[in-house]
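Contents: one structure, followed by commentary.
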Amino acid sequence: MKLHFKPLAGLMLAATLAGAPLGAVAFAQDTAAPAAAAPAEAAPAPAAPVAAAPAPAEAAPAAIVDKNDKGDNAWMLTSTVLVLLMILPGLALFYGGLVRSKNMLSVMMQVSTVAIIGFVAWVLWGYSLAFTDGGSWDLFVGGLSRLFLKGVTPASNVATFSTGVVIPELTFISFQATFAAITAALVIGSLVERMKFAAIVAFAVLWPLLSYYPLAHMVWWWPGPDAIALAPTAAIKAGQIWTWGGLDFAGGTVVHINAGVAALVGALILGKRQGYGKEPMPPHSLTLTLVGAGLLWVGWFGFNAGSNLESNGYASLAMINTFVATAAAGLSWVLVEWVTKKKPSALGLASGVVAGLVAVTPAAGFAGPMGAVILGLVVSPVCIFFCSVVKNALKYDDSLDAFGIHGIGGIVGALATGLLVNPAWGGAGIVDYTTCAKDGDISTCDALATYTPIGQLIIQAKGVCLTIAWSAIASIIVFFVIKLVIGLRATPDAEEEGLDISEHGERAYHS
């Protein structure tokens with residue numbers, strides 16, 4: 001088979017240049033590595049731990065002595081590998097089993113290729129755009145001070161969520177790289193069986209530039225607990241959603257709503273599969289789908305509990321919530337099918353498990369275990385409604401229900417987090433970092449006195465709305481640019497033959 005490098009090289013160059021304006025705006029303002037930014041405007045009382053890393057801790061004032069605990073670092077290294085397991089082979093098998101056998105290999109190739117591009121792009125520019133000071137654009141996107149990981153060494157650290165506690169910056173970069181990789185890969189679920197591989201490659205480069213990196217910055221970029229503990233009355237710079245006080249422990253907005261909305265936009269622009277609604281398109285291997293769902297669940301413990309950045313009680317809370325919310329959602333989906341269809345299905349069980357994982361992601365370190373159980377029981381019926389009633393009524397081809405599960409489940413979880421964090425309901429409460437002891441565990445901090453369930457719900461809704469709007473606009477731009485430049489869809493003949501052979505020249509199965 002002859003390989004043609006020039007078109008692909010041109011595509012990658014065009015994608016890189018397309019992202020240049022985004023970084024160039026911040027470049028003019030960028031002066032240092034991600035550190036506690038100079039005061040810009042007043043911000044509300046800081047939110048509790050979220051999945052992101054604050055500024056590198058080496059820039060913290062000398063009054064706080066940094067502590068790099070080997071146990072924290074070991075847990076974060078383990079969590080990083082667990083999240084990789086979610087992508088390869090977890091997501092690849094989960095999605096692959098849901099398509100027809102003639103497209104199994106293509107789905108695994110698409111998920112894998114999007115992920116590996118995501119890892120490379122993250123160290124080249126993604127980390128810098130997500131987790132550095134963006135100057136005058138800091139509410140929305142970072143700068144270029146960590147471009148190509150400039151200034152990152154084995155000795156550089158980033159802060160966690162306890163004053164004076166740090167982990168190696170390289171560990172954090174690796175952990176967050178898996179988040180960027182899986183978010184773009186999730187979108188593939190709505191595009192399978194009809195999108196050209198070249199268009200998938202272009203999407204993997206362009207979409208994170210316009211959607212993932214800015215949203216990660218808006219939700220997770222803040223100056224860190226040391227800066228707030230030392231100067232509790234000083235104005236701070238942070239991402240827009242963090243500045244509002246939005247809570248997202250591990251990526252309900254950044255990952256799931258973002259990916260779900262992009263999936264819906266992609267499905268609408270790409271159009272339906274040939275024969276959709278006219279001929280059956282059942283999953284070719286629910287066995288592989290269940291195996292993939294199990295691997296996703298195992299890996300998700302790294303996704304959620306790892307987002308605490310420390311191996312302490314909050315990581316334990318995130319872990320038990322990931323157990324019980326997921327189990328409750330799987331049970332809820334099975335029961336709804338049993339009542340409405342008289343036959344509970346393996347596909348429903350797998351879908352419920354993923355819906356529970358999605359919903360608990362933003363709430364993992366905030367809700368109490370009983371709140372997590374309720375969240376799991378509630379999310380599945382809502383997702384079922386969107387995956388069946390709404391999708392059938394509007395007749396869009398969200399092939400593997402990426403929007404119906406990730407988008408809707410993420411919205412349910414993000415909104416519910418504002419309520420389930422309530423200590424009166426068994427939640428962990430919101431940490432007021434202005435009360436934290438210097439060189440102290442996060443347990444030394446007081447709860448935020450100004451918290452009210454309705455007030456926090458409104459803040460969560462603002463974050464959800466901004467995420468939906470940003471992802472939709474960015475995704476529309478990306479998909480239409482790709483459509484105009486290289487085209488989105490495989491030819492009708494290629495689609496009929498199956499993308500395994502037509503796009504990759506090989507099959508997943510030979511019998």
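Heads up: numbering here begins at 1 and tracks the sequence. Only heavy atoms go into these numbers, but all of them, side chains included; no hydrogens, no water, no symmetry mates.
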Check: S311 main-chain N/O paired with D72 side-chain donor or acceptor under 3.5 Å:
yes
Compute whether any side-chain donor of one residue and acceptor of the other, for T160 and E310, lie under 3.5 angstrom apart.
yes
Taking atom OG of S307 and atom CZ of F161, what is their separation to the nearest 0.5 Å?
8.0 Å
Decide side-chain hydrogen bond (donor to acceptor under 3.5 Å, both in side chains) for S502 and D493; before the verdict, give the C-alpha distance in whole Å, the side-chain angles of both, and the deciding distance to 0.1 Å.
CA-CA 9 Å; S502 63; D493 288 344; over 6 Å; no
Report yes or no: do N258 and S471 form a side-chain donor-acceptor pair below 3.5 Å?
yes
How far apart are the closest heavy atoms of W75 and A315, and which atoms are they?
NE1-CB, 4.3 Å
Test item: Y95 side-chain N/O and L186 main-chain N/O as donor-acceptor pair under 3.5 Å:
yes
For K391, which of D401, D398, D397 qualifies under side-chain hydrogen bond (donor to acceptor under 3.5 Å, both in side chains)?
D401
Shortest non-hydrogen contact from G306 to F175?
C-CZ, 3.5 Å
Do you know which two heavy atoms are closest between H504 and F197, and how far apart they sit?
CE1-CD1, 3.6 Å
Considering only residues two or more places apart or on different chains, which pairs with a residue in residues 199-208 satisfy side chain to side chain donor-acceptor pair (under 3.5 Å)?
W207-S475
Pairs meeting criterion side chain to side chain donor-acceptor pair (under 3.5 Å) with involvement of residues 276-292, two or more places apart
H284-Y509
Does P453 offer a backbone N or O that forms a donor-acceptor pair with the side chain of N422 under 3.5 Å?
no
Begin from the C-alpha positions of E193 and R100 and carry the test salt bridge (Lys or Arg N to Asp or Glu O under 4.0 Å) through to its verdict.
CA-CA 8 Å; E193 302 196 297; R100 291 168 288 182; 3.1 Å; yes
Distance check, rounded to the nearest 0.5 Å: W222 atom CH2 versus F131 atom CZ?
12.5 Å
Report the C-alpha distance between T491 and K196 in whole Å, list the side-chain angles of each, state the deciding distance to 0.1 Å, and finish with yes or no for side-chain contact (heavy atoms from CB on, under 4.5 Å).
CA-CA 9 Å; T491 65; K196 294 195 300 186; over 6 Å; no
Closest non-hydrogen atoms of L191 and V187, given as atom of the first, atom of the second and distance, are CG-O, 3.7 Å
How long is the gap from CZ on F303 to CE on M86, to the nearest 0.5 Å?
5.0 Å
Validation row: V255, V358 side chains within 4.5 angstrom (heavy atoms):
no
Check side chain to side chain contact (heavy atoms under 4.5 Å, CB included) between I477 and all other residues, then give those that pass, not counting sequence neighbours.
L210, I473, V481
pair I200-I188: side-chain heavy atoms closer than 4.5 Å
yes
pair Y451-V421: side-chain heavy atoms closer than 4.5 Å
yes
Can you tell me which residue among S345, S332, S351 is in a side-chain hydrogen bond (donor to acceptor under 3.5 Å, both in side chains) with E337?
S345
Please report, to 0.1 Å, the donor-acceptor pairs under 3.5 Å made by any side chain of residues 372-384, with sequence neighbours excluded.
residue: S380; atom: OG; partner: A329; partner atom: O; Å: 2.7

Assess whether side-chain contact (heavy atoms from CB on, under 4.5 Å) is satisfied between W470 and I257, documenting all intermediate values.
CA-CA 11 Å; W470 190 285; I257 299 176; over 6 Å; no
Indicate, with yes or no, if the rings of F119 and W122 have centres closer together than 6.0 Å.
no
Closest heavy-atom pair, L270 versus M195, reported as atoms and distance to 0.1 Å, is CD2-CB, 4.0 Å
Beyond-backbone contact of F366 with L420, side-chain heavy atoms, under 4.5 angstrom
no
Quick check: closest heavy atoms across V324 and P369, and the distance to 0.1 Å?
CG2-O, 3.7 Å
Residues, nucleotides or ligands: over 12 heavy atoms within 6.0 Å of I320 CD1:
no
Mind checking the CD1-CD1 spacing from I454 to I459? Nearest 0.5 Å is all I need.
12.0 Å
Hey, what do you get for CG (L247) to CD1 (I241), rounding to the nearest 0.5 Å?
11.5 Å
Sequence-distant partners of F385, ring pair (Phe, Tyr, Trp, His ring centres under 6.0 Å), two or more places apart:
none
For the pair F179 and W220, name the ring-plane relationship: parallel under 30°, tilted 30 to 60°, perpendicular over 60°.
perpendicular
Check whether more than 12 heavy atoms from other residues, nucleotides or ligands sit under 6.0 Å from atom CD of E496, and answer yes or no.
no
Quiz: residues 402-419 side-chain donor-acceptor pairs under 3.5 angstrom, not counting sequence neighbours:
residue: H406; atom: ND1; partner: H256; partner atom: ND1; Å: 3.1
residue: T417; atom: OG1; partner: A363; partner atom: N; Å: 3.4
residue: T417; atom: OG1; partner: G413; partner atom: O; Å: 2.7

Where does the angle between the aromatic ring planes of W221 and H217 fall among parallel (under 30°), tilted (30 to 60°) and perpendicular (over 60°)?
parallel
Within the side chain of N304, is there an N or O that forms a donor-acceptor pair under 3.5 Å with the backbone of A364?
no
How long is the straight-line distance from CZ of R194 back to NZ of K272, given to the nearest 0.5 Å?
10.5 Å
